[in-house]
Amino acid sequence: MAFFHNTRRARLLATAAPLGLMLAATPAMAQDKPADAAPAISDQSADTAQPAEDIVVTGTLFTNKLTTSASPVTVVTSENLARAGITNVSDAIRSVSADGAGSIGNGFSSGFSAGGSAVSLRNLGVSSTITLVDGMRSANFPLNDDGHNNYVDLNSIPMANVESIQVLKDGASATYGADAIGGVVNLVTRKSFKGFEATVDGGVSQRGEFGKYRGRLLAGFGDYSSQGFNVYIGGDYERSAMVTNASLGFPFNTLDLRSIGGNDNNRADDTLTTATPNAVVTRTTQTDLNNPLAGSVANATTPAIFNSLTPLANCPYGTYSENTSQRIGTACAHDLQKEYAIFLPFQERYDVVGRASFRLGSNIEGYLAGSYAHNRVEISRAPVAVRQTQAFGGSPSTSTSAPGIVLPVYICSSGVNCATAADRQLNPNNPYAAAYAANPAAGAARLYYLFGDIKSGSKRINEVYRISGGLKGDIGSNWNWNLSSAYSRDNLDLTVYGNFNLNGLIKAINTGAYNFVNPSLNSQAVRDMVAPAINAKSDSTEFTVDGTVAGTLLALPGGDMQLAVGGQFRREELNNRSINPNLDLPGVSTAQAFGKRSVVAGFFELDAPILDMLDIKISGRYDHYSTGIGRFSPKAGFTFEPIKGFSLRGTYSEGFRAPTFAESDPRSSFSGFVGYTPNAAFVAAHPGNAGYTAAYSLGRGFVGNPDIKPEISRSFTLGAIVDPVPWLTFTADYYHVKKSNLIVTGPLVADAINAYYSVASQSFASAAAAAAAGCAKVAAVGQGYSCNVIDGADPSNLNSLPRLLVLNAPYVNSAYLISSGLEFSLDARIPISEGIRFESRLDLQETLQYDLHPVNGAVQKYAGTVGPEDLSSGGGTPRWRGNWQNSLVAGPFTLTATTYYVGRIKAVAADQASSVNGDISCNAAIYKVAGQPVDKFCYVHSFIYTDLNLATKVNDQFTFSLTVGNVFGARAPLFANTAYTTQTNYLASWHAAGLIGRTFRAGATFKF
């Protein structure tokens, strides 16, 4: 596993050196003296015999020790999280090495479900991983990732009473039903708490930004063992500041990489047709003087003469000039990434939890629990451009980009028939008005502008209510029963700022109410007329009733054979309402999803310890959906210990992912946008207009298909557990998952896009004729593929192929994928002397395969690349990911170093048009520089950083801690990102710590 390089290797070795020294110095002592009874490792795997008592392990219905699990299970306790300096559920779960492609972090603030956070186990996507609280489902986040993938928002799960987090890295539909293909995350809350505990901590980055503060309270009374009851309440508060791209420094604050041999993709300082907060115009004609959308595509002159509405002396960042055969003019220069882009949004979350546990008689126990979580995320973004495509499903006549918005010669108070109105006046926003007062149709000014004076972004308030309860008891001496129920509701209040209302904009233009020359003079009333805040409230609910009976059937040589049977009823509902229901907000998402269904399930599990050394587990579950889906999911597993200290284990399982409401309900629809760079032929056909041929967002439109079928999976694992001495455990597991009948959004999208642009080099009589030819090529790709929105003609090249803006593609069951890999863990608990011990944990995963096999076409290989780029945050699929934690416990002091590693990633994606026939060589790299070797920007370097935590237990009531995040100040590697330009030259999913830099945080815990 030689995957460390240069200084990264040095940093890791520096962190790990104490482990090697202590292993060499104290082996005899470690073998003779048992490990401390206190929890000793940061990440207990299911193979480590830590707890003395038996517990219910995620993935089984029985109460067993962790060592008997046939599936790999990672357990992280609240103490482990404190040592790592982790303060919220999202960071805790996403730190697990099995979290891979499709994972959603807080740094991805431009997606459909921005503000949410989710885990994607074994690279299979957020909708193939289920998140449970105390073994029961919770309501999904109302906004679907990528418009159709559902998930539970990790940001809205309370941390105050989390006792441990169990991560089952195996298929589990046989126990939990649909969606447990990649695995299961189960948050286990405290069953009781007595006393009072409070924690406060806070800190900032070395640059003085990223202020983060947290407080936690927990109070309870009642001794459950002696009094038969316990009641506790608690809560969390956490607040983190916004981090802008400007504060990150070069190269994460600009698209201009010329200083390091890259391209200059900043068009806001060299191309007059690029919109900025300082408006520019060029003269054209207007066929309908009442309609600012009725301007001509053609420019009035050749070359087109552009004028800045802002006096050039007032340009805040200087000016630039363009003097070509197509355009002449001078305008204000900008770098929009540096001025507006953000890395992390402002976030505030708080929650309240409570639980009452009680005993009824001698053999019946019960509980009632509830929680409320509030998560507020405020996202800032660049101002909205006046040129936008029509909303998905809207009339092409509402597009403000084809041909574009024009400013008329005359304005008047009514905004109607101003050319002949009694109170007409020349438009002060139109520099050509005076010269064409007698011929207003020839004096219109085509506008290029960002609404820089209007706040742009969104506020997302997510509230999750959850109540659960249960009873359990014994039936005789060998059987027990358990009945539990949970109800949860997720309410999302989404407010979006800065998008213009088409009717309001038209009125503001025709009446002259909006000042484009000096936007700072606009009143708030005018801004609200043009771009009122828009709001949508969405919700999802989940209700579950679950019952099981378990007990002993008979005695076998290895122990008692156990059987568990149970049933479940579940009701799900989603109302994801569109933020743009009237289709009057050009360029604004119309994504919406609706649905409701009931699920009835029956399940069983049989545990047969056939021999002392061999245990067999068999389980199965049948789920029936009110929508007509019916699936049986079996699973079998074994553990085999031929000699003490060495065991083999393995599982085989089948599972399924039920179609989401976005995928299956015909009322659901969305249009997703991904960055696209036009091919060389298209660029050659549009000389002199770099703005028209620059990378842009190309949309895909989809509608729910009621005939869609579930995805199905088959998976197996095979592993070994080596624990020759009490203080050391090593595990290695191989996993292989085949997911078939994939629900995909147009598997031939890349082919369809390439087909459209394949005619770019041909000659046509008009742009319309060129578009018709390109769209015919798209239709020939397959059923359901068609052009939805075509851009207006390039004013500088009127007969060339226009850009494809939105492509229609179907939801279909198609193809299959294979994900396979190796998982390793190493846990060491080494007593050194009285009161001193050393603890170490390694959690590492290598992704061997993540291959998509389309029905037609070449296999798309994603492992070790930034593909699949269309998935979620476009974070790609690191081949290697891991973390290594080392702690030295000496009396009241605990010093912990946690090192995180992400392997090198190739900047190629097989699902993008730059890759033909699955090509992932550097020749298919998304980002290339003319005259430079193709591999110059072809690789995203590996990334390694270390967090250091020191905790001091002053006395039984007070503990103080200090955490230095990214202690060596490791910088994030460069990724010249063209698909998601809001992630400016970085991968937010994996490299966030390297963007923030070194951080400092201090905290204190009080106990009474």
Answer whether the closest heavy-atom distance between the side chains of [X] and [Y] falls below 4.5 Å.
{"X": "Asn253", "Y": "Gln337", "result": "no"}
{"X": "Pro383", "Y": "Tyr449", "result": "no"}
{"X": "Thr984", "Y": "Leu255", "result": "yes"}
{"X": "Val384", "Y": "Phe500", "result": "yes"}
{"X": "Ser380", "Y": "Tyr340", "result": "no"}
{"X": "Glu322", "Y": "Asp270", "result": "no"}
{"X": "Ser800", "Y": "Asp794", "result": "no"}
{"X": "Pro431", "Y": "Leu309", "result": "yes"}

Apply the test side chain to side chain contact (heavy atoms under 4.5 Å, CB included) to residues Asp269 and Asp264: give CA-CA distance (whole Å), side-chain angles for both, the deciding distance (0.1 Å), then the verdict. CA-CA 10 Å; Asp269 65 356; Asp264 178 8; 4.2 Å; yes

Would you say the side-chain atoms of [X] pair up with the backbone N or O of [Y], donor to acceptor, closer than 3.5 Å?
{"X": "Thr400", "Y": "Gln388", "result": "yes"}
{"X": "Asp665", "Y": "Ala593", "result": "no"}
{"X": "Ser786", "Y": "Ala779", "result": "no"}
{"X": "Asn245", "Y": "Lys338", "result": "no"}
{"X": "Asn799", "Y": "Ser763", "result": "no"}
{"X": "Ser538", "Y": "Arg577", "result": "yes"}
{"X": "Asn788", "Y": "Val806", "result": "no"}
{"X": "Thr284", "Y": "Ala300", "result": "no"}
{"X": "Arg667", "Y": "Gly704", "result": "no"}
{"X": "Arg424", "Y": "Ala419", "result": "yes"}

Under a 3.5 Å cutoff, is there a donor and acceptor pairing between the side chains of [X] and [Y]?
{"X": "Asn522", "Y": "Asn515", "answer": "no"}
{"X": "Arg381", "Y": "Ser456", "answer": "yes"}
{"X": "Asn307", "Y": "Tyr432", "answer": "yes"}
{"X": "Thr590", "Y": "Asn580", "answer": "no"}
{"X": "Arg327", "Y": "Asn299", "answer": "no"}
{"X": "Ser520", "Y": "Asn518", "answer": "yes"}
{"X": "Tyr514", "Y": "Asp453", "answer": "yes"}

Hey, what do you get for [atom1] ([X]) to [atom2] ([Y]), rounding to the nearest 0.5 Å?
{"X": "Leu492", "Y": "Asn576", "atom1": "CG", "atom2": "CG", "result": "8.0 Å"}
{"X": "Asn278", "Y": "Thr319", "atom1": "CG", "atom2": "OG1", "result": "11.0 Å"}
{"X": "Leu698", "Y": "Arg803", "atom1": "CG", "atom2": "CZ", "result": "9.5 Å"}
{"X": "Gln983", "Y": "Asn977", "atom1": "CD", "atom2": "CG", "result": "6.0 Å"}
{"X": "Asn808", "Y": "Cys787", "atom1": "CG", "atom2": "SG", "result": "8.5 Å"}
{"X": "Asp335", "Y": "Asp256", "atom1": "CG", "atom2": "CG", "result": "7.5 Å"}

Quick one: which residue pairs count as a salt bridge (Lys or Arg N to Asp or Glu O under 4.0 Å) with a foot in residues 492-504, not counting sequence neighbours?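 Listed once each, the pairs are Asp493-Lys537.
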
Closest heavy-atom contact between [X] and [Y]?
{"X": "Asn499", "Y": "Val496", "result": "OD1-CG1, 3.2 Å"}
{"X": "Leu798", "Y": "Ala298", "result": "CD1-CB, 3.8 Å"}
{"X": "Ala930", "Y": "Asn263", "result": "N-OD1, 4.5 Å"}
{"X": "Ala770", "Y": "Phe764", "result": "CB-CD1, 3.3 Å"}
{"X": "Ala909", "Y": "Glu869", "result": "CB-CB, 3.9 Å"}
{"X": "Cys418", "Y": "Ile411", "result": "SG-C, 3.6 Å"}

Can you list the steps and then say if Thr273 with Ser796 is a side chain to side chain contact (heavy atoms under 4.5 Å, CB included)? CA-CA 11 Å; Thr273 54; Ser796 301; over 6 Å; no

For the residue pair Tyr692 and Phe682, does the interplanar ring angle fall in the parallel (under 30°), tilted (30 to 60°) or perpendicular (over 60°) class?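 Because their plane-to-plane angle is under 30°, the rings of Tyr692 and Phe682 count as parallel.
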
For side chain to side chain contact (heavy atoms under 4.5 Å, CB included), just list the numbers for Leu805 and Ser401, CA-CA rounded to whole Å, side-chain angles, deciding distance to a tenth of an Å, and then say yes or no. CA-CA 10 Å; Leu805 298 182; Ser401 63; 4.1 Å; yes

Between Ser413 and Asp423, does the side chain to side chain donor-acceptor pair (under 3.5 Å) criterion hold? Intermediate values first, please. CA-CA 7 Å; Ser413 59; Asp423 63 342; 2.5 Å; yes

Verdict with reasoning, Leu426 to Tyr410, per side chain to side chain contact (heavy atoms under 4.5 Å, CB included): CA-CA 5 Å; Leu426 293 176; Tyr410 288 105; 3.6 Å; yes

Would the Tyr676 and Tyr757 ring centres measure less than 6.0 Å apart?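 Yes.
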
Please indicate whether Lys928 has more than 12 foreign heavy atoms, meaning atoms of other residues, nucleotides or ligands, lying under 6.0 Å from its NZ. yes

Any pair with a residue in residues 274-300 that passes ring pair (Phe, Tyr, Trp, His ring centres under 6.0 Å), sequence neighbours left out, goes on the list, sorted by first then second residue, please. none

